[in-house]
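Below is one structure, written out as structure tokens; comments come after it.
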Amino acid sequence: MNVDKRKQLNGYHVVFLIQNIMIGTGMLSLPQDLSSMGYSLALYPLLFGVVASLNLWPMIWICSQYKNENIFGINEKLLGKWIGKSFNLFIVVHLTFFIAGIIDDYMNLIQTTALPEQSTTIPILFFLVVAIYIVNGGIKSIARFCMMAFFLTLPLLYFLRWAIEKGDLSHLLPLFNFNKSEAFEAFRKGYLSILGYELIMVYFPYIANQKKAYKHALIGVWISIILCFVVTTVSVMYYSEWQLEHVTYSVLHLFKAGELTYIERIDIIGITIWVFLVLTTITGYLWCAKKGIDSFRSKKKISHVYVITIAIYIILSMPFSKEVKEKIFEAAFQTSYLMLCWPIFLIVVHLLRKKQVQS
Amino acid sequence: MNKKLILLILTIICLAGCADKELKVPLEDVGLLGILAFDYIDEDSYKLSAAMPQFLPEAKENTQIFSVTTDFVSKGIVEIETVSDKKVVLNQLRVVVFNEEFARNGDVQKVIRHLYRNAEVGNKVLVAIVKENGEEILKESYPDKPSINLYLNDLLQPSINTAFMPNTNIHDFVYTQTNPVFDTIVPLLEKQEGKIEIDGVALFKKDNMIEELLPREGLIIQALLGEKNLAPLNLTLDKGEEKEELMIDLIKNKVKMKSNKSIESPKLFINLKMEGTLIEYKGYREDELTTLASITKLEKDIDEQIEKDIEELLEDLKELKVDPVGLTENFRMYYKGNWDREMTEKIISKLEVDIKVTTRINSTGTLD
């Protein structure tokens with residue numbers, strides 16, 4: 001039995017939480033996001049991995065200074081009650097829009113491929129209900145769901161087989177055939193696809209073995225990165241540069257290359273199983289947003305989840321034009337970079353105000 | 001808590017009543033188009049013919065054929081819907097054929113891209129070119145075949161026995177069209193009395209067909225592409241005193257290419273290794289082919305002949321400035337910067353090749 005009720009995440013939980021929240025809809029369009037690099041994009045996820053590993057370190061360091069506080073608590077402690085709380089509110093709003101953006105993305109995909117004759121209202125509702133159900137079980141239930149999702153979706157890798165058979169390995173050459181502006185463009189568009197590891201700042205206090213948290217988080221990050229690397233490499237082998245740039249959801253088209261006599265459309269299986277990956281991402285963010293409201297109102301209430309979910313639903317069903325929606329979600333995605341850099345800022349404040357805070 | 005959950009679920013269920021009734025078409029009323037044929041009329045319009053299987057036992061014919069004149073694929077489909085008794089969908093589309101005139105003058109790429117974009121259409125749709133008229137191929141009766149849908153699809157499926165087979169689906173087509181180092185090749189069909197024959201290979205340059213290749217040349221291209229399963233190779237050796245003819249069943253095919261990485265004076269070394277069984281032979285050496293030494297000598301003669309054939313083909317391609325094999329990929333691999341179509345043409349027009357073929361005859365059957 002755990003002595004401290006809050007310390008409920010063991011090493012495996014951390015690995016899979018990190019790994020599975022990172023993979024959502026972003027991976028489906030990763031080759032397209034990176035397409036400004038041409039064929040050289042295959043190796044790019046590895047660079048993402050290095051950046052993410054470096055980026056993780058300040059997050060874990062600042063959290064390990066305040067072992068029982070999550071990022072919202074640390075904000076309040078370091079920045080004072082009012083600035084801290086208002087920034088926390090900002091994070092919650094950001095997370096809400098972020099989740100809405102992911103769901104919108106996935107529902108668009110479902111609409112264009114699997115359910116072209118249906119509106120997505122009902123699927124969104126069911127999706128949110130399942131998400132609430134998982135989130136209500138707490139972070140441990142999310143972690144367990146992540147594990148399940150990982151092993152359920154892993155077999156999809158087998159469907160890449162035909163694309164590898166047909167593909168041409170020579171596309172990978174010449175290595176590093178790009179210039180600075182292309183690389184920057186690809187980084188800006190593509191890095192968003194591997195977001196998700198920053199949530200460790202919220203569930204850090206729940207980790208049992210905090211000393212090893214960095215190691216476990218790194219394992220999680222690199223599992224995701226390797227999966228991304230496999231996907232981009234196979235895409236580069238299978239597509240021409242034009243196709244990389246213009247085929248949306250190119251990963252699904254990779255599944256389409258498949259030839260099984262008894263299944264006609266493997267890509268449909270791919271998208272529907274992908275719901276697990278999207279769900280893990282959504283539930284992770286939803287849980288964190290809930291924690292944000294908890295700390296904002298200084299009390300824990302289950303109804304906070306419902307508030308956020310309803311907000312998400314309202315955002316999704318707002319009668320905005322598609323262009324406005326895209327812009328809002330794009331802004332929400334870009335704000336995530338602030339979240340990534342935030343711990344560095346906190347470290348600076350921490351070093352300056354160390355004595356004040358501790359006294 | 002439980003009460004709230006029940007309330008929530010109840011609300012959702014009740015709310016579902018507010019949704020518009022969705023129109024679902026029962027399966028019997030769905031018409032699954034199997035083949036689309038495009039015939040050239042002029043620059044802006046074409047004739048679109050479609051074959052749809054008919055399941056009703058009362059009907060005399062088992063395939064319905066529709067033809068409309070249109071300038072848009074989807075517009076044509078909608079028009080077909082107005083004359084059809086069913087809801088027309090493309091989910092089971094298997095074959096798209098263009099007539100030769102369309103391939104030479106029309107915008108093939110636009111049609112294919114429309115299908116490639118459509119999420120309903122799978123990637124396994126095969127592309128073919130027909131001589132003369134596509135509509136006639138659909139309308140022709142094939143008394144000994146179950147239906148044109150099945151027949152044409154099976155004919156175009158890759159199989160080792162179908163002579164040579166540059167089996168091209170819509171992904172391959174878009175891939176070779178958009179990849180600057182490749183030119184598209186598509187099987188060329190010809191209608192004959194009660195049957196369809198694969199007559200050769202249609203060779204594309206950029207967007208349009210420019211040349212018709214013979215099956216033999218198609219086979220060589222397949223071999224150079226590194227295809228594992230090749231059709232039997234028919235050779236005529238006219239070196240020496242008498243003409244010899246032979247047939248080899250190819251078991252193994254391995255190709256290695258190495259370029260000198262130079263853009264200015266490109267040179268390519270091609271090493272082709274083939275392994276096969278000699279199935280038939282006609283010529284003056286018939287009685288000698290029992291010893292290993294004579295077979296080795298025959299192997300050498302075959303090597304020379306194939307080398308000569310490949311050289312001739314590459315010379316032709318060089319004149320047309322096309323590259324269906326993707327030979328220039330071996331130069332692109334080592335070139336930093338953007339590679340475009342002009343580069344490919346520049347390389348191919350200056351390309352020098354050094355071909356080495358090694359054939360190995362594994363057996364000549366069980367008769368000595």
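Chain letters run A, B, ... following the sequence lines, proteins first and then strands; every chain starts at 1.
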Please find the pair of heavy atoms, one from [X] and one from [Y], that lie closest to each other, and give the distance.
{"X": "M52(B)", "Y": "S84(B)", "answer": "CE-OG, 3.8 Å"}
{"X": "S141(A)", "Y": "I134(A)", "answer": "OG-O, 2.7 Å"}
{"X": "A128(B)", "Y": "V186(B)", "answer": "CA-CG1, 3.6 Å"}

Toward chain A, the part of [X] with a non-hydrogen atom under 4.5 Å:
{"X": "Q177(B)", "answer": "neither"}
{"X": "Y116(B)", "answer": "both"}
{"X": "N169(B)", "answer": "side chain"}

Does a donor on one side chain sit under 3.5 Å from an acceptor on the other, for S262(B) and N260(B)? no

Are a donor atom and an acceptor atom from the side chains of R332(B) and H171(A) found within less than 3.5 Å of each other? no

Applying the side chain to side chain contact (heavy atoms under 4.5 Å, CB included) criterion to S259(B), which one of L268(B), I270(B), L351(B) satisfies it? L268(B)

On the 0 to 90° scale, with breaks at 30° and 60°, tag the Y44(A)-F187(A) ring pair as parallel, tilted or perpendicular.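 Taking F187(A) first and then Y44(A), their aromatic rings stand perpendicular (interplane angle over 60°).
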
I would like to know whether Y39(A) and L172(A) meet side chain to side chain contact (heavy atoms under 4.5 Å, CB included); could you show each step before the answer? CA-CA 6 Å; Y39(A) 283 148; L172(A) 292 174; over 6 Å; no

Is there a side chain to side chain contact (heavy atoms under 4.5 Å, CB included) between F182(B) and F204(B) once you walk through the steps? CA-CA 10 Å; F182(B) 275 111; F204(B) 278 60; over 6 Å; no

Check residues 244-258 of chain A and write down every donor-acceptor pair under 3.5 Å in which the side-chain atom is one partner and the other belongs to a residue at least two apart or another chain.
unit_1, atom_1, unit_2, atom_2, d
H246(A), ND1, W242(A), O, 3.0
H246(A), ND1, W242(A), NE1, 3.4
K256(A), NZ, V121(B), O, 3.1

Between [X] and chain B, which part of the residue has a heavy atom less than 4.5 Å away: side chain, backbone, both or neither?
{"X": "T112(A)", "value": "backbone"}
{"X": "L175(A)", "value": "backbone"}
{"X": "F176(A)", "value": "both"}

Any chance you could measure I99(A), atom CD1, to Y285(A), atom OH, to the nearest 0.5 Å? 9.0 Å

Positions in residues 307-320 of chain A that reach chain B, provided some heavy atom is under 4.5 Å away: none

Pair count under 4.5 Å, heavy atoms only, with chain A: among V181(B), D172(B), I12(B), highest is D172(B)

Could you tell me if the ring centre of H171(B) sits under 6.0 Å from that of Y238(A)?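 Yes: the rings meet the under 6.0 Å criterion.
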
Using the test ring pair (Phe, Tyr, Trp, His ring centres under 6.0 Å), find all partners of F72(B) that sit at least two apart in sequence or belong to another chain.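 Once residues adjacent in sequence are excluded, F72(B) has no partner under the ring pair (Phe, Tyr, Trp, His ring centres under 6.0 Å) criterion.
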
Is any residue of residues 321-329 of chain B within less than 4.5 Å of chain A by heavy atoms, and which ones?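 Residues of residues 321-329 of chain B touching chain A at under 4.5 Å: E329(B).
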
